[in-house]
Every structure is written in structure tokens, then in C-alpha cells.
Amino acid sequence: MASHYEAPIRKPLVLGDKGYHDVSVDIARPVEGKANKQWWIVFTIALMAFLWGLGCIIYTISTGIGVWGLNRTVNWAWDITNFVWWVGIGHAGTLISAVLLLFRQKWRMAINRSAEAMTIFSVIQAGLFPIIHMGRPWLAYWVLPIPNQFGSLWVNFNSPLLWDVFAISTYLSVSLVFWWTGLLPDFAMIRDRAVKPFQKKIYSLLSFGWTGRAKDWQRFEEVSLVLAGLATPLVLSVHTIVSFDFATSVIPGWHTTIFPPYFVAGAIFSGFAMVQTLLIIMRKVCNLEAYITVQHIELMNIVIMITGSIVGCAYITELFMAWYSGVEYEQYAFLNRATGPYWWAYWSMMTCNVITPQVMWFKKIRTSIMISFVISIVVNIGMWFERFVIIVTSLHRDYLPSSWTMFSPTFVDIGIFIGTIGFFFVLFLLYSRTFPVIAQAEVKSILKTSGERFKTLRDSGQPLYQMPKSMAKSTAKAIVESKKSDDKVSSLMDKLGTFDKENDTPDALQKIKGIGPQMEKVLNQIGIYKFSQVSKMTNTEYDLLDSITEKFPGRAQRDDWAGQAKKLNKG
């Protein structure tokens, strides 16, 4: 019998046998390169939706909220439904980053950055609706207890609506700092790779002087943990306070103590579904299939399935509480939801949120990219219907049958909502072109195979520049790659000249800024030993050298190795 148990090797979280340099190149590519066709298609659609919504907002502000479908009975409807929906979506970003960081879950590292950005952009969308609903958004500052022309105008601190202001602004602030702190090493990476002086200066400012010293990393770890500790209770408190907007009222269907945990579970449910949608889009648009893998998609689907089950239990509990209360108004409120004029919204909610996620019990389904994408969208549609059912069907029939009415959204209601979706995707797509969408430093920390690749090459005596992309490739394929590399080396040496080891003395190439001991060793393996050889390099030779070594592309050109070598050669 074995004396100990050896745990099985986990599936790799990064595919393709990537090295540290590969990670930097892959993650920097969307920022440094040109946008592909898919990006432009999605961006154009999102921009058109945003402009339509912007026109509807301008029309609403200039005309008044009478252009919405609101009436005296249903004075909360489309706008507050969208507000609660966007706040819920913003939950999962901080949850993934904060809670999974505290629990040291490695799979968060490829997806946390997109999730954090989603939080920021979705909370921005949520904040638009209460401000517009005020009717006079230019007086929005009245909700703050600040001195003004009317004297000391103090707001009602007993109102949950004011609690929303403080909770969401605090949540946005902490999430923004948490997001930006995690970006510092990535900004520094883009800064060090930048060729254009303007780009280098911009990313130098954004990186806040990050140098990568041990002290920087120590402070980075400490601040990340502190912010994660602050953000975790915020995940629970923000949507709890949003639920108090309803639970502290006396409206049948709202006045219940189950709303806080019910709203939090629903927010996490819809938030994870939106993260899933964005991840599947980003892995395709930014060519990140090696980092956002099927394993990540499957784990997200498991969370969606679990939270969907919790939401389903909350629905059943709501029905039981209404029946058990013996209050005829509560009982009728829920009967009206299921069988009244808005029955289609109620059963759409139940189908999307309770039944659909249960298909994730089957591994074949939860590992399918296309099915996962469809289900993630269906879940968010269902969660929107949930907020619509809670708000509209509880208001449209109150205690007086004489005031019963129906709510129907106008083109302005629909246009503003579609506009916020477009605005969200415009922000997210622009973010993907300017900020690294994956935390490259954290991903590198889980690359357990990269060191073995270098060790294998060193032990076998092979040149380090002949790094095969995968040690598991077939011999024939490896020979072809090696042949291509040898052809590039021959072409480069034809232009730079050869070095006679018997008669010539090698120069100390490390005197050239940008060439360290490791790079000098690689250059020597290629056949470059003299300043005179380096001085002959032009843009063509720089590109050829980059393709051979696959190390620090653009650095030789940026540091002007040829110019430095000419001066050293004369000296």
C-alpha cells in the first residue's frame, strides 16, 4: 500500500504550453495591434444603439418624463426595472475578483479583469435611470446634504432611496480603486513595450510609477487583500439596500423580509450570466481562447446553475409565504402575477431563471461554448423579467379596483434601455482596445510548464531561440519549425556577416543598452558576437531578429542597438 496519496494533476488553466513572453505578447496584442473585423462589427452595432438611446434621453429631458409609459398607478416601471437590473449585473464583477481572491481560486485570474470592468460600466448605466426619473436631472445635487441657494437643504436619511445613493456610490468607488490597482502591473507592461513616445508617456502616468520591485509587489498584494475585504461585504449590502426600496413599503408583493437575500442571489445570478456573455465574446474578438478556456466557461456555468437553483427556491418561498400569511391582498398579488394580464412576463421569468439553468447538470451542455452563450443571454432576459414582474405587476392593481391600469412602454422607454446596453458595450469594447483585458502578471504566476520548457532546452544543449511552441508536437512538425528557424538565422547572418571564432575576439555586447546576459547568450548562439555585426542592423534585421528570438519585440529598434554599436565600435 502506498504511504501517501498523490493528488491528480489538474487541467491547465492556460492552453498552448505558453511561456512568460507568450503571455505578454498575447495580452498586449489587442492594445498594440489594430482592431479586427469582429471588433468593428460589434462596436458599430453598439455605437448605433448608444446614439439612439442618447437621442431618447435628450428628448426625455427636453420634454419631460411624460413621454414614458408611466401613469398615476404605475409610477415606477421600465426605468426602475432597468436600474435594478443593471445594479444586479454589476455584482458579479466584484464578487469574482474579491471573494475568489480571498479564497485563492486560480481560475479567477483570466476572467477577473473583464468582470471588474463590467462592474464599473454597469453601475454607470444604473446611475442614469434614477437621475432621469427625477424629472429635472439638472437638480440631482439636491439629494446631497450640501449648502445651496435655498439654505441648508437636508434630505430624508430615513428613505431607502437615499441609502441607494450612498451604497452605490461607495460600491462604485471601491470597485473602481480595486480595478485600477489590479491594472498597475499591466499598464507598466504596456509602457515598457511601447514604441511611440506619446503612448509610453500615457501608460507611464497610468501605471503610477510601477517598477516591479519587491516592495511594489508587497504593497500590491496588501492593498488587493484590503480592497477585497472591503468589497466582499459591499457585494451583499448594496443589493440588500436596493431591496429595501421595496421591502420597507406596504405594497402587497413587496413587503417581505425575504427580499434582501433573494435580491442578492438574483444579482449574483444575473451578474455571472453577463460575465459569461462577455467572456465568450472577448475570447473570440481578442483571440484569447488559450486563456479563457472551456474550463473557465464550465466553472462559470456551475455557479450559474447553483445561483439559479437558489433563485428558484426563493420564488417558491415567496409563494409559500403569501399563502401562509393568510392576507388576501398578498395572496392575490401572487395569483395576479401568475394568471393576470402580465402572466406572460411571470412565466417567461420562471422558464428563463428556474428551468433553463438546470440543463447545466449535463457536462456536455455546460462545456459547449455556443449553448453557454445562449443560456447566459436567456438568464439575463429572465432576470430582467423578474424585476419587471416585481415592480409592474405589484403596482398596476392596488387596493382600489377603480385605479387599476396597465403599463405599456413607449418607444422612448425602449430606446433608453437599448441605449444603455449600447453604451455599456461601447465602453467595454473601447476598454478592450486600451487596457489589457487579462491580468498578465497573475496569469504568469500559474504557468507551471514554462520553466520546464527552458530547462529541457538547456539540458539538451539546444539554442534558447529555438523554442518550440509545444513540447508535445510531433517530431515532423518540430523539424519543420526548426528548419524555418535555421533559414531565418542564415538570412540574418548573410546580412550581418559571420564571426570567425579562431581569429576574431568577441565584443562585450552587454555594453549596448537593452542587451543583458541572457540576450547576449542568445545572440551568441545565433552567431552575433561583434559590435560591427550589430551596427549593420536596419528595420528589416530588427524584425528578423524578433521573429527568431521571440523576446522583447521592438526593443532592439526602440533602444537603437545599431546606433549604439556604431559608437562602441568606433571607440
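Excluded from the calculations below are hydrogen atoms, water molecules and symmetry mates; all remaining heavy atoms, backbone and side chain alike, are included.
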For the residue pair [X] and [Y], categorise the inter-ring angle as parallel (less than 30°), tilted (30 to 60°) or perpendicular (more than 60°).
X      : Y      : answer
Phe187 : Trp180 : tilted
Phe43  : Trp40  : perpendicular
Phe407 : Trp78  : tilted

Side chain proximity check, [X] to [Y], heavy atoms < 4.5 angstrom:
X      : Y      : answer
Thr73  : Trp404 : no
Ile57  : Phe423 : no
Leu172 : Ile120 : yes
Ile124 : Trp86  : no
Gln276 : Ile297 : yes
Met274 : Ser122 : no
Leu427 : Phe50  : no

Is there a donor-acceptor pair closer than 3.5 Å between any side-chain N or O of [X] and the backbone N or O of [Y]?
X      : Y      : answer
Ser309 : Met305 : yes
Thr356 : Asn353 : no
Asn71  : Thr405 : no
Thr293 : Ala290 : no
Ser249 : Phe246 : yes
Thr63  : Thr60  : no
Tyr171 : Gly90  : yes
Arg366 : Asn301 : no

With sequence neighbours excluded, residues passing ring pair (Phe, Tyr, Trp, His ring centres under 6.0 Å) with Phe220:
Trp210, Trp217
Met48 atom CE: more than 12 heavy-atom contacts under 6.0 Å:
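Atom CE in Met48 is not packed in, count stays at 12 or less.
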Around atom OH of Tyr324, are there more than 12 heavy atoms from other residues, nucleotides or ligands closer than 6.0 Å?
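Counting neighbours around OH of Tyr324, 12 or fewer heavy atoms of other residues, nucleotides or ligands fall under 6.0 Å, so no.
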With side chain to side chain contact (heavy atoms under 4.5 Å, CB included) as the test, would you mind laying out the steps for Trp76 and Ile251 before giving the verdict?
CA-CA 12 Å; Trp76 277 12; Ile251 303 295; over 6 Å; no
With no hydrogens and no angle check, do the side chains of Trp179 and Thr119 hold a donor and an acceptor under 3.5 Å apart?
no
Residues Ser403 and Asp398: side-chain donor-acceptor under 3.5 angstrom
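Distance-only check passes for Ser403 and Asp398.
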The reported gap from CG in Leu429 to CD in Gln38 (rounded to nearest 0.5 angstrom) is 12.0 Å
For the residue pair [X] and [Y], what are the closest heavy atoms and their distance?
X      : Y      : result
Ala231 : Thr94  : CB-CG2, 3.3 Å
Ser325 : Glu330 : OG-CB, 4.0 Å
Gly253 : Ala333 : N-CB, 4.2 Å
Val250 : Tyr399 : O-OH, 3.2 Å
Phe83  : Ala126 : CD1-O, 3.2 Å
Ala77  : Leu70  : CB-CD2, 3.6 Å

Decide yes or no on side chain to side chain contact (heavy atoms under 4.5 Å, CB included) for His296 and Tyr291, but give the supporting numbers first.
CA-CA 9 Å; His296 289 98; Tyr291 303 94; over 6 Å; no
Would you please name every residue forming a side chain to side chain contact (heavy atoms under 4.5 Å, CB included) with Thr434, sequence neighbours left out?
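If we apply the side chain to side chain contact (heavy atoms under 4.5 Å, CB included) test to Thr434, skipping adjacent residues, the hits are Tyr203.
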Give every donor-acceptor pair under 3.5 Å between a side-chain atom in residues 375-387 and any protein atom, sequence neighbours left out.
unit_1 : atom_1 : unit_2 : atom_2 : d
Ser376 : OG     : Thr277 : OG1    : 2.8
Ser376 : OG     : Ser372 : O      : 3.3
Ser376 : OG     : Phe373 : O      : 2.6
Trp384 : NE1    : Asn82  : OD1    : 2.7
Glu386 : OE1    : Tyr315 : OH     : 2.7

Below 6.0 angstrom between ring centroids: does that apply to Phe417 and Trp85?
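That pair passes the under 6.0 Å test.
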Sub-6.0 Å ring centroid separation between Phe425 and Phe428
no
What pairs of residues pass the ring pair (Phe, Tyr, Trp, His ring centres under 6.0 Å) test when at least one of them lies in residues 336-356, not counting sequence neighbours?
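As it turns out, the ring pair (Phe, Tyr, Trp, His ring centres under 6.0 Å) pairs with a partner in residues 336-356, which skip direct neighbours, are Tyr342-Phe388, Tyr342-His396.
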Keeping to residues at least two apart or across chains, list the salt bridge (Lys or Arg N to Asp or Glu O under 4.0 Å) pairs with something in residues 109-131.
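For residues 109-131: Arg113-Asp186.
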Hey, mind stepping through Thr181 and Phe178 against side chain to side chain contact (heavy atoms under 4.5 Å, CB included) and telling me if it holds?
CA-CA 5 Å; Thr181 301; Phe178 191 36; 5.5 Å; no
For residues 256-273, please give each side-chain donor-acceptor pair under 3.5 Å, one per line with the distance, not counting sequence neighbours.
unit_1 : atom_1 : unit_2 : atom_2 : d
Thr256 : OG1    : Ile258 : N      : 3.4
Ser270 : OG     : Gly266 : O      : 3.2
Ser270 : OG     : Ala267 : O      : 3.1

In Val67, Ile416, Leu54, the residue satisfying side chain to side chain contact (heavy atoms under 4.5 Å, CB included) with Tyr59 is Val67
